[in-house]
There are 4 protein chains.
Amino acid sequence: MATVKTDNNQRKSRPKDKRDKILQAALKIFAQKGFYKAKVTEIAQEASVADGTIYLYFNNKHDLLISLFEEIMNNIIKRMTEAIRQEPDPLKRIGVFALTHLQLIDENKDLGVIIQVEIRQSSKFMKEYKNERFAQYLNLIARIIEDGQESGVIRREVIPGVAKRAFFGALDEMSRVLVLSPHKKYEVFSAAEQISRIFISGLAIDPKAQP
Amino acid sequence: MATVKTDNNQRKSRPKDKRDKILQAALKIFAQKGFYKAKVTEIAQEASVADGTIYLYFNNKHDLLISLFEEIMNNIIKRMTEAIRQEPDPLKRIGVFALTHLQLIDENKDLGVIIQVEIRQSSKFMKEYKNERFAQYLNLIARIIEDGQESGVIRREVIPGVAKRAFFGALDEMSRVLVLSPHKKYEVFSAAEQISRIFISGLAIDPKAQP
Amino acid sequence: MATVKTDNNQRKSRPKDKRDKILQAALKIFAQKGFYKAKVTEIAQEASVADGTIYLYFNNKHDLLISLFEEIMNNIIKRMTEAIRQEPDPLKRIGVFALTHLQLIDENKDLGVIIQVEIRQSSKFMKEYKNERFAQYLNLIARIIEDGQESGVIRREVIPGVAKRAFFGALDEMSRVLVLSPHKKYEVFSAAEQISRIFISGLAIDPKAQP
Amino acid sequence: MATVKTDNNQRKSRPKDKRDKILQAALKIFAQKGFYKAKVTEIAQEASVADGTIYLYFNNKHDLLISLFEEIMNNIIKRMTEAIRQEPDPLKRIGVFALTHLQLIDENKDLGVIIQVEIRQSSKFMKEYKNERFAQYLNLIARIIEDGQESGVIRREVIPGVAKRAFFGALDEMSRVLVLSPHKKYEVFSAAEQISRIFISGLAIDPKAQP
DNA sequence: TATGAATGAGAATTCATTCAT
DNA sequence: CATGAATGAATTCTCATTCAT
């Protein structure tokens with residue numbers, strides 16, 4: 001007879017589930033209150049877990065935040081990599097990146113807030129934490145630009161290391177509006193298009209290039 | 001009638017001075033540690049003032065941060081307004097804005113950190129605080145773009161409200177590198193030029209426009 | 001009839017063994033860290049047993065300590081009784097007691113630490129626990145003195161109840177040095193002899209009595 | 001007109017008073033419960049002080065205990081030194097030491113408990129804390145013995161470093177009874193005399209020496 | 001105005017113990 | 001008998017703010 005544990009799953013969560021539940025709760029609470037105002041008890045409650053349980057999966061509150069980062073960035077990187085792969089043209093990839101980024105944020109505003117607020121904090125209060133994932137994410141942009149330069153559609157003088165930041169910064173600042181304003185003034189598509197157009201025109205050799 | 005307070009100066013600092021001393025100290029400490037890790041006592045020490053004295057000039061720690069924002073943004077706006085006034089051409093103004101912004105940050109890194117980190121936090125922990133000054137600053141950019149559109153050098157489809165954020169975001173993200181990395185990889189001028197060029201080309205009707 | 005459990009030994013330890021393993025582990029950890037800093041988990045690990053298993057053999061952490069006491073004191077009393085029996089002369093028995101006590105501690109320092117530190121604590125945190133075994137041990141000394149008084153070699157004015165404590169205290173304090181100092185300044189034999197001589201001379205009617 | 005602050009003293013305690021009040025409270029509570037079971041809040045209450053106030057005077061709970069040690073040992077050493085000075089004869093000094101020690105403990109049982117219990121713990125949980133004061137106290141005994149050896153009344157073979165411990169141990173163990181038993185079986189004087197006699201006879205060249 | 005000692009609410013973390021498997 | 005994940009009460013310490021001087 002086969003094990004019927006399948007329905008048990010709903011009653012008692014397996015370890016992996018619990019860690020995830022905590023991370024989900026942390027995402028929500030951190031986004032809502034920010035790292036310092038978020039209380040561990042609150043996160044525990046949100047995750048329907050005892051306070052102490054959190055410490056079975058994470059060393060401390062900081063570690064919880066960092067783990068959350070990693071998880072989030074891994075997801076984003078995976079989804080973005082996937083999205084980009086679909087589009088071979090470097091210039092069009094810029095448009096894809098912009099739209100995907102803003103859509104990701106728009107789908108999960110908590111995520112946007114975390115990136116917005118905590119990524120900055122992190123560099124302060126966790127000097128030791130090298131945000132590798134974030135660097136990876138930025139490098140997806142750098143790669144697109146380099147590809148464009150190699151294939152002769154993006155200006156050679158452009159420094160990918162600067163441009164990647166400018167582009168990310170533009171999107172990130174834009175996403176702040178998306179996240180914070182309850183009535184989003186600028187639609188995601190519109191914003192993505194505007195930013196894409198600026199950067200494509202700004203980076204391309206042929207200024208008439210379109211997203 | 002001249003102020004008669006002159007001789008008092010040597011004995012005891014005038015109220016205005018003390019408020020400034022506290023704000024200076026707060027700038028330094030907040031930048032160094034971030035709002036939550038900065039201790040009021042520490043700021044008091046840095047300002048050579050008793051803990052209680054801070055509460056004679058500010059309602060509480062939050063108020064101190066907000067007052068600091070106001071002060072900082074007022075300064076920046078004044079300097080930026082001044083810088084822009086010198087240059088009538090909208091497209092060239094974009095270049096001026098970029099360079100001035102990055103130079104301001106580079107001159108006073110504490111200021112850069114505050115803008116970077118705390119401006120994001122602020123939206124979290126002070127829902128009530130409408131960051132008017134920051135909006136004003138962004139609108140300096142919007143105004144440049146609008147002017148450019150009116151004088152026919154910037155594309156009409158550009159939405160100033162989006163573009164201003166994209167441009168600020170690009171500069172802000174760039175300034176993070178400037179502020180955090182001890183050995184700045186990209187020089188202020190170079191960065192300013194790169195970003196200017198992208199945005200000028202990206203926004204202008206004549207794609208050959210130069211900063 | 002021989003025990004038939006022999007083959008089981010390789011697979012699973014017999015109950016008795018497990019209890020002993022836990023007590024051994026407790027001895028080591030309690031000695032190393034003291035009662036409060038010793039963690040149940042740690043003891044479980046040292047005993048290669050699950051945390052919960054400890055509660056199958058002992059009611060709680062306190063009970064574990066008390067059981068450990070009993071075990072230790074039983075052992076010591078047995079060994080000391082044996083050692084004393086070999087020597088009929090009351091005065092010489094004092095020397096035997098001293099040497100045996102210090103040797104026991106020296107052989108197993110953990111045991112010394114437990115007696116040193118926890119026996120004192122115990123009177124604090126376990127008011128209800130009457131340390132019967134310890135009283136028994138002290139009474140071994142009292143008995144020696146009484147015997148000496150009866151056989152006319154020890155002064156009649158000596159109050160055995162006081163003398164037993166003085167003697168034990170002297171040995172115990174000495175053993176603290178033995179236990180704590182990595183390079184024992186005073187050798188066990190030398191210390192035993194010194195203390196014996198003081199007490200024999202101090203208690204005996206004939207002051208020239210030798211250990 | 002002279003300041004009338006004298007009566008104010010009773011209303012508001014000066015810094016020094018507050019530190020003392022906390023130490024007094026700590027002495028009582030530590031003695032009652034032992035270091036680990038004593039709660040900081042409890043000590044604060046006993047001292048009629050806010051929890052936080054304790055941390056204005058001491059770094060942490062450990063530091064409070066150590067400071068308490070220092071204070072206690074300083075006092076004891078002072079009183080003992082004074083008592084010994086009155087009596088020039090080394091052998092008689094042994095009697096003085098014994099009586100003074102037991103009287104000190106008897107006067108302030110809390111003090112006795114602290115010495116009993118925490119001095120042992122201390123060697124465990126504060127490896128870094130070198131109990132200098134305690135060493136000093138022991139050396140008062142060593143000095144007496146050395147003096148006795150020099151003046152030819154104490155046996156040369158006696159090792160002061162061992163004898164001082166034996167003597168202290170005897171007194172200390174005796175004081176445990178004094179402290180713990182509500183109905184002290186052995187009077188302080190009787191106990192002091194018994195122990196003195198043993199050690200004087202045990203150490204002296206002339207065995208007939210009397211306390 | 002200025003001081004800084006005192007306050008005490010608040011929060012992260014620990015760990016003995018339980019109990020479903 | 002054995003396990004070890006989960007629990008949550010309990011505790012130390014911090015620090016913004018106050019207020020008597």
Side-chain N or O of C/K18 closer than 4.0 Å to phosphate OP1/OP2 of F/dC1: no
Positive for salt bridge (Lys or Arg N to Asp or Glu O under 4.0 Å) with D/E46, one of D/K33, D/K21, D/K28: D/K28
Separation of E/dA5 P from D/D17 CG (nearest whole Å): 15 Å
Length of the line joining C/Q45:CD and F/dT3:C1', which is rounded to integer Å: 14 Å
Residue pair C/L65 / C/K61, side-chain heavy-atom distance below 4.5 Å: no
Charged N-O contact under 4.0 Å between A/E71 and A/R133: no
Main-chain N/O of D/D63 paired with D/S67 side-chain donor or acceptor, under 3.5 Å: yes
Base-pair map of DNA chain F as dot-bracket, where | denotes pairing with a different strand and pairs are Watson-Crick or G-U under 3.5 Å: .||||||||||||||||||||
Rounded interatomic separation in angstrom, taking NZ from D/K21 and P from E/dA5: 16 Å
Nucleotide-resolved protein contact map, nucleotides 11-17 of chain F, B/S/- at heavy-atom distance under 4.0 Å: SBBBSSB
For atom CZ of A/F58 and atom P of E/dT14, their distance in whole Å: 15 Å
Test item: D/F30 and D/V113 side chains (from C-beta on) under 4.5 Å apart, heavy atoms: no
Chi angles and distances behind the side-chain contact (heavy atoms from CB on, under 4.5 Å) call for C/L23, C/I72: CA-CA 10 Å; C/L23 282 170; C/I72 286 176; over 6 Å; no
Whole-Å distance separating the CZ atom of D/R19 from the C1' atom of E/dA5: 16 Å
Distance in angstrom units between C/I29 CD1 and E/dA16 P, rounded: 12 Å
Donor-acceptor pair, side chain of D/E42 and main chain of D/K39, under 3.5 angstrom: yes
Listed partners of A/D51 passing side-chain hydrogen bond (donor to acceptor under 3.5 Å, both in side chains), at least two apart: A/T41
Rounded interatomic separation in angstrom, taking CD1 from B/I54 and C1' from F/dC19: 16 Å
Lys/Arg cation over aromatic B/Y57: B/K18, 6.0 Å, 45° cone: no
Shortest side-chain distance from D/A50, nucleotide among F/dG4, E/dT7, E/dA6: E/dT7
